[in-house]
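Numbering of ligands and ligand atoms starts at 1, following listing order. These figures come from a predicted structure and were not determined experimentally.
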Amino acid sequence: QEKYDFRSIEPKWQKKWEQMQIDKVGEEPNRKKYYVLEMFPYPSGNLHMGHVRNYSIGDVVARFKRMQGYNVLHPMGWDAFGLPAENAAIKHGIHPAKWTWDNIANMKRQLKSMGISYDWDREIATCHPDYYRWTQWLFLLLYKNGLAYKKHAAVNWCPSCATVLANEQVVGGLCERCETEVEKKDLEQWFFRITDYAERLLQDLEKLPGWPEKVKVMQENWIGRSEGVEIKFRSEFGDEIPVFTTRHDTVYGVTYLVLAPEHPLVEKLIAGTRYEDEVRSFVQKVRQQSVIERTSTELEKEGVFTGAYAINPMNEEKVPILVANYVLMEYGTGAVMGVPAHDQRDLEFARKYKLPVRVVVQPPGEELDGETMEFAYDADGISVNSGPFSGLATPEAKQKIADYMEAHGIGRRKVNYRLRDWLISRQRYWGAPIPIIYCDKCGTVPVPEKDLPVMLPENVEFKPTGESPLKYCEEFVHTTCPQCGEPARRETDTMDTFVCSSWYFLRFTSPHSKEMPFDKDKVDYWMNVDQYIGGVEHAILHLMYARFFNKVLYDQGLVPVEEPFQNLLTQGMVLKDGGKMSKSKGNVVSPEDIIARYGADTARLFILFAAPPDRDLEWSDRGVEGCFRFLNRVWRLVYAYAGKIKFVDPLKSGEGLSNRDSELRRQVHQTIKKVTEDIAQRFNFNTAVSAIMEMVNHLYQYKENVPEEEQNLALIKEAVVNLLLLLAPFAPHITEELWEAIGQEGSIHLQSWPTYDEDALVQKQVTVVVQINGKVRERLEIPVDLPRDEVEKEVLELDKVKRFLEGKEVQKIIYVPNKLVNIVAR
Ligand code: ANZ
Ligand code: ZN
């Protein structure tokens, strides 16, 4: 065969593999299992390069592990609910279901053209009733265990998407999806009690040495654990006002108290007073600001006096109560003790409103003055002006004051988390309906399991009204109460799509299970995911939610492991001209075009070769060309020998080989060692590929430099067999074709990963005779085939040679490789 015709090779093998069911996998209790998973995509319509990268990385791991003898689970599916489908419906009048399933069909076709080794029999789509019935089942499981509840809450509302957003979906005050300014809205919403798991979600990060440090830090910060004391202040009227502080040692420095505008006490304190109007209008104003704005250090701190006072329980001092924008209702108790000398926000606030600043912690060797200080002193020091606690160093003061407060019922030690409960209600159609029924008599009634799934009705109208189309779908809303049989109404909210993706990795173990979301014996065999691969954009939300779900299921005895993902690889981005590929920049390279022009093997090889997987990768047309040329080089090399080596057995040992041949064999085995280690230990696919490229160069050198009749065909067979095996996980089609061409039996992808011969790695030594002007003066041991310049260098450094050359000038050096050096000098 003359030409590397990927256009016929790739579809041919894809079809054959499908017929052979080569990627089908089942439980085999006696084999080591390996579960490799790439984050499943949202079916937006077309694969982009980020997908190609994600799945190419996963496929190398899957194929490599398979060749190493593992029973590998490598599935793929679709994160198929969500907004874009519904927006398409509103904009173009296409039903979200049709839009989604068409996109899935197209992307599946594109994925198949990449030759990724998925077990397609396990394909799942979260929008399929066979899947979402179990999402609903899991909702009920959480509900029954007190982990799903409904409450009235001010929520983030995107007016453009017309839906509620989780805090995590608000970025810099803007909607993550459409970048519209987010508003606040009061709604009854469903929440999952993820805060019950805050401590375990934090602690168990330690059990994940196979996760990138940066991801663990992000999760840690998101959970935001802090230790402090909840101190009971009270108003002059006797209302309790607990405050959470991490600096209870500064309690003698409190000069005012601040409530969040949403704090329930505010109304009570101001009602009927002359402060009423001013406070109310301030509260209204602040409620328009987002949480993000309000926590920003740049925020202009603003507040108003309520007219009321609070009593400091430590010294019975009276301090004014204010309402301010920098205090959040969602954190701690929604009330803060103001210690301007030791908290920068408080200081800025105090200066603005002329509140006193009292120093109660002195830095060692410095005198702070409350009147003039410009920066709060928030480090440790020595307590002053603090009654019986004056003179103590900060850690000790904290200890003693907390003890005192607990002993006197003034306060209690408390751990606080920044993590909030997970708001899962969405006022949208294209999601899993929340399986709840409201009955006038029975109240909130969960849908009985036997009635699942609560099907999404097909026949709904899509209008940009901001309300769920389900609300207006009579046949959906009206139902009967499962408890009393009277007419009742269905919940019309659907679930956040992050719920669907929080358990899909479990469903892949038993995607067709009709009895349960997944079979116990299947998850016991496959879990946990040995290697999870995906974008760092999911480092917080998806991974946190999935860990939470898995822990709930672990506690229920439904899954065998507490942490779902043993190892995590967060791949870098694919950049073009130094920036992100994006439609708006017009610099998008379409995977489909690249595959059409160069084939899937080239696309995969380039993307794996161009950078280590966790780094950003710069797209380069020349780089793609280079990989294409390389595969052509492999093609020509193998075909040049195919006929001659077809019936030759590969060499099995290096015994009795000539120096030349030993050296080639050494290079082959060296490459096996390097590629194996690069893949297994570090996922350094880029260096693995470049080692394979080098090996091909050595083979060409052998082919061109060794006279044909001296070429060792058994050795070449050994080399070519190993070359193809090493390249197989990266470029599965061409290697399969060439495997057949050199007469090997069975699919290359069913072969064992090559092992190297330790003995072959030793570089052979040869003795070179050193002559000066034709007379033998010295002998030198060098490694076989040491490059000429290195041989010359070594020779000229020999003592004897130096002595003979003294006062002479070297005119030329003649080198007969591996045999003789003759220095001509005068
Ligand atoms: C008094 C104090 C004095 C504070 C001092 C700090 C320094 P982390 O570490 O994030 O948990 N705080 C408490 N609840 C708040 C709320 N709802 N909105 C805004 N701020 C709030 O922070 C705990 C500290 O954040 C608490 O300790 C409190 O200020 C503030 F020299 O109390 B501190
Ligand atoms: Zn009822």
Enumerate the atoms of ligand 1 whose separation from the nearest heavy atom of [X] is less than 4.0 angstrom.
{"X": "H342", "result": "5 (C), 7 (C), 31 (F)"}
{"X": "F244", "result": "11 (O), 13 (C), 26 (C), 28 (C)"}
{"X": "M337", "result": "1 (C)"}
{"X": "V327", "result": "16 (C), 17 (N), 18 (N), 19 (C)"}
{"X": "Y326", "result": "18 (N), 19 (C)"}

Any side-chain to backbone donor/acceptor pair from E183 onto W157? Under 3.5 Å, distance only. no

Kindly compute the distance separating [atom1] ([X]) from [atom2] ([Y]), expressed to the nearest 0.5 Å.
{"X": "E86", "Y": "T494", "atom1": "CD", "atom2": "OG1", "answer": "7.5 Å"}
{"X": "D496", "Y": "S502", "atom1": "CG", "atom2": "OG", "answer": "8.0 Å"}
{"X": "Y532", "Y": "W211", "atom1": "OH", "atom2": "CH2", "answer": "9.0 Å"}

Would [X] and [Y] count as a close aromatic pair, with their ring centres under 6.0 Å?
{"X": "F192", "Y": "Y545", "value": "no"}
{"X": "F565", "Y": "F505", "value": "yes"}
{"X": "W422", "Y": "F498", "value": "no"}

re atom 6 (C) of ligand 1, the protein heavy-atom contact at minimum distance is D343 OD2, 3.3 Å

The protein heavy atom nearest to atom 17 (N) of ligand 1 is L328 O, 2.7 Å

Practice task
Look only at interatomic distance and state if T246 has a nitrogen or oxygen under 3.5 Å from any nitrogen or oxygen of ligand 1.
Solution key: yes

T245-ligand 1 polar pair, N/O distance under 3.5 Å: yes

Tell me whether [X] reaches ligand 1 (any heavy atom closer than 4.0 angstrom to a ligand atom).
{"X": "S226", "answer": "yes"}
{"X": "D378", "answer": "no"}
{"X": "R345", "answer": "yes"}

Closest to atom 12 (N) of ligand 1 by heavy-atom distance, out of V336, V254, T333, is V336

Closest to atom 14 (N) of ligand 1 (heavy atoms only, candidates Y331, Y417, Y377) is Y331

* Can you check whether S425 reaches L187 side chain to side chain, under 4.5 Å on heavy atoms? -> no

Next item on the list: Indicate whether any N or O donor in one side chain lies under 3.5 Å from an N or O acceptor in the other, for Y143 and T444.
Entry: no

